[in-house]
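Every heavy atom of this structure was used, including side-chain atoms; hydrogens, water molecules and symmetry mates were not.
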Amino acid sequence: MTLWVVIPAYNEAASIGDTLAALASQQDTGFSLVVVDNGSTDDTAGVVRNFARTAPFSVELVGEAQPGAGAAADTGFRYAIDSGARHLLRTDADCLPAPDWTAVAKAEFGRGTEMACGRSVPRPDERPGPAEAWLLPALIRLTALYGRYRREHRHPRYRTPYVLCHGHNLAITADLYLRCGGALRVPLHEQSEDVALLNRAREHSDRIVRAEHLVVHNSLRRLRSWGARRTLLWYWDRRYRPADLTEVHVR
């Protein structure tokens with residue numbers, strides 16, 4: 001199985017080192033990594049280059065000038081596919097994949113899954129309080145249930161039901177990625193590129209699952225910067241956007 005991990009990154013010099021360390025500590029390091037520097041003005045690229053010198057897998061660093069996680073992720077996915085990837089995993093540069101993340105993804109692919117949407121939990125090193133650890137994830141699941149029954153998500157063109165999908169924790173085959181057209185290359189404030197990718201994929205495959213055992217620990221920095229209400233509205237079709245759009249990149 002030719003697996004590549006894709007990480008889009010913008011000004012993540014302070015956090016991407018932890019993400020890379022989590023990947024180096026995977027139970028299964030039989031994969032390659034591509035980090036897409038999305039126009040960073042800090043030392044994100046330098047951190048990645050230093051890590052690559054001793055990494056237990058091959059590491060590629062590529063650039064993408066078009067702003068937005070969708071464009072950066074698409075560049076990374078297509079770079080990996082052009083390099084021979086048959087299976088793809090994505091996380092973000094402020095996240096910590098669980099130690100069995102790549103092993104679980106390979107097992108899902110081995111069962112014939114074409115796209116797996118994993119579970120997101122708060123980073124334990126950020127010491128989440130009870131509301132952060134339990135209440136917000138519960139609210140997100142409720143909005144996902146709402147999403148499942150939204151009229152636009154139940155169109156006959158979709159071959160499988162809507163599932164909760166996080167851009168920082170998804171697995172997809174290269175074949176399905178190309179068949180469905182891949183991630184939308186849009187600015188972060190315009191649309192959730194992860195939901196768009198899921199819905200594109202649902203038009204082309206009925207082998208899409210919610211994989212609760214595919215776990216990534218996600219940063220709480222947006223929640224702590226914006227508060228629960230604005231964060232939930234942001235993830236709900238971008239119903240909240242900061243007046244200064246540069247603030248969508250919470251650091």
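The shortest heavy-atom contact between Asn38 and Gly68 is OD1-N, 3.0 Å. The two atoms that bring Leu3 and Leu89 nearest to each other are CD2-CD1, 4.1 Å, heavy atoms only. The nearest pair of heavy atoms linking Arg123 to Cys95 is NH1-N, 4.3 Å. For the pair Thr29 and Ala24, the tightest heavy-atom approach, listed with the atom from each and the gap, is CG2-O, 4.0 Å. The two residues Pro97 and Val216 come nearest to each other via the heavy atoms CA-CG2, 4.0 Å. Summarising the geometry of Trp234 relative to Leu188, their closest heavy-atom pair is CH2-O, 3.6 Å, with the distance given to 0.1 Å.
Of the N and O atoms on the side chains of Thr173 and Asp175, not one donor lies less than 3.5 Å from an acceptor on the other residue.
Relative orientation of the His168 and His166 rings is parallel, given thresholds of 30° and 60° on the angle between their planes. Classification of the Trp226-Tyr240 ring pair by plane angle, with boundaries at 30° and 60°, yields perpendicular. Between His249 and Tyr10, the angle of the ring planes lies from 30° to 60°, which puts this pair in the tilted group.
Counting heavy atoms from C-beta on, the side chains of Leu197 and Met115 come closer than 4.5 Å. Side-chain contact between Trp4 and Ser32 is present, with at least one heavy-atom pair separated by less than 4.5 Å. Side-chain contact between Arg222 and Tyr235: present, with at least one pair of heavy atoms (C-beta onward) separated by less than 4.5 Å. Within the 4.5 Å cutoff, side-chain heavy atoms of Phe51 are placed close to those of Val59. Between Phe31 and Gln26 there is a side-chain heavy-atom pair separated by less than 4.5 Å. By the 4.5 Å heavy-atom criterion applied to side chains, Arg224 and Val250 are not counted as neighbours.
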For residues 207-215, which side-chain N or O atoms pair as donor and acceptor with protein atoms under 3.5 Å away, sequence neighbours left out?
unit_1 : atom_1 : unit_2 : atom_2 : d
Arg207 : NH1    : Gly112 : O      : 3.2
Arg210 : NE     : Glu212 : OE2    : 2.9
Arg210 : NH1    : Gly118 : O      : 2.7
Arg210 : NH1    : Leu164 : O      : 3.1
Glu212 : OE1    : Arg119 : NE     : 3.4
Glu212 : OE1    : Arg141 : NH2    : 3.1
Glu212 : OE2    : Arg141 : NH1    : 3.4
His213 : NE2    : Glu108 : OE2    : 2.9

Test log, rule side chain to side chain contact (heavy atoms under 4.5 Å, CB included), inputs Ser15 and Asp94
CA-CA 5 Å; Ser15 61; Asp94 61 344; 4.2 Å; yes

When you look at Glu12 and Ser40, which way does the side chain to side chain contact (heavy atoms under 4.5 Å, CB included) test go after all the steps?
CA-CA 8 Å; Glu12 295 285 9; Ser40 298; over 6 Å; no

Kindly determine whether Asp100 and Asp28 satisfy side chain to side chain contact (heavy atoms under 4.5 Å, CB included), including the steps that lead there.
CA-CA 7 Å; Asp100 62 352; Asp28 184 341; over 6 Å; no

Test side chain to side chain contact (heavy atoms under 4.5 Å, CB included) on Arg241 and Val248; report intermediate values, then the result.
CA-CA 7 Å; Arg241 300 177 189 178; Val248 302; 5.7 Å; no

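Under the ring pair (Phe, Tyr, Trp, His ring centres under 6.0 Å) criterion, the residue pairs touching residues 98-122 are His87-Phe109, with sequence neighbours excluded.
Tyr79 and Val36 end up in the same hydrophobic cluster when Ile, Leu, Val, Met, Phe, Trp and Tyr side chains are linked at under 4.5 Å. Val195 and Ile172 fall within the same hydrophobic cluster, defined by Ile, Leu, Val, Met, Phe, Trp and Tyr side-chain heavy atoms under 4.5 Å apart, directly or through other members.
Using a 4.0 Å cut-off between a side-chain N of Lys or Arg and a carboxylate O of Asp or Glu, Arg221 and Glu126 do not qualify as a salt bridge.
Every residue was checked against the salt bridge (charged side-chain N to carboxylate O under 4.0 Å, His left out) condition with Asp42, not counting sequence neighbours, and none meets it. Under the salt bridge (charged side-chain N to carboxylate O under 4.0 Å, His left out) criterion, Asp92 pairs with Arg90, not counting sequence neighbours. With sequence neighbours left out, Asp74 forms a salt bridge (charged side-chain N to carboxylate O under 4.0 Å, His left out) with Arg78, Arg185.
Rounded to the nearest 0.5 angstrom, Arg159 CZ and Arg202 CZ are separated by 12.0 Å. Taking CG of Leu198 as the reference point, atom OG of Ser192 lies at 11.0 Å (rounded to 0.5 Å).
Within 6.0 Å of atom CZ in Arg127, 12 or fewer heavy atoms from other residues, nucleotides or ligands are found, so the atom counts as exposed in its surroundings. Around CZ of Arg229, the count of heavy atoms belonging to other residues, nucleotides or ligands within 6.0 Å does not exceed 12. More than 12 non-hydrogen atoms from other residues, nucleotides or ligands lie less than 6.0 angstrom from CZ of Arg238.
When hydrophobic residues (I, L, V, M, F, W, Y) are linked wherever their side-chain heavy atoms come within less than 4.5 Å, Leu96 remains an isolated member.
In this structure a side-chain-to-backbone donor-acceptor pair under 3.5 Å is present from Ser25 to Ala21.
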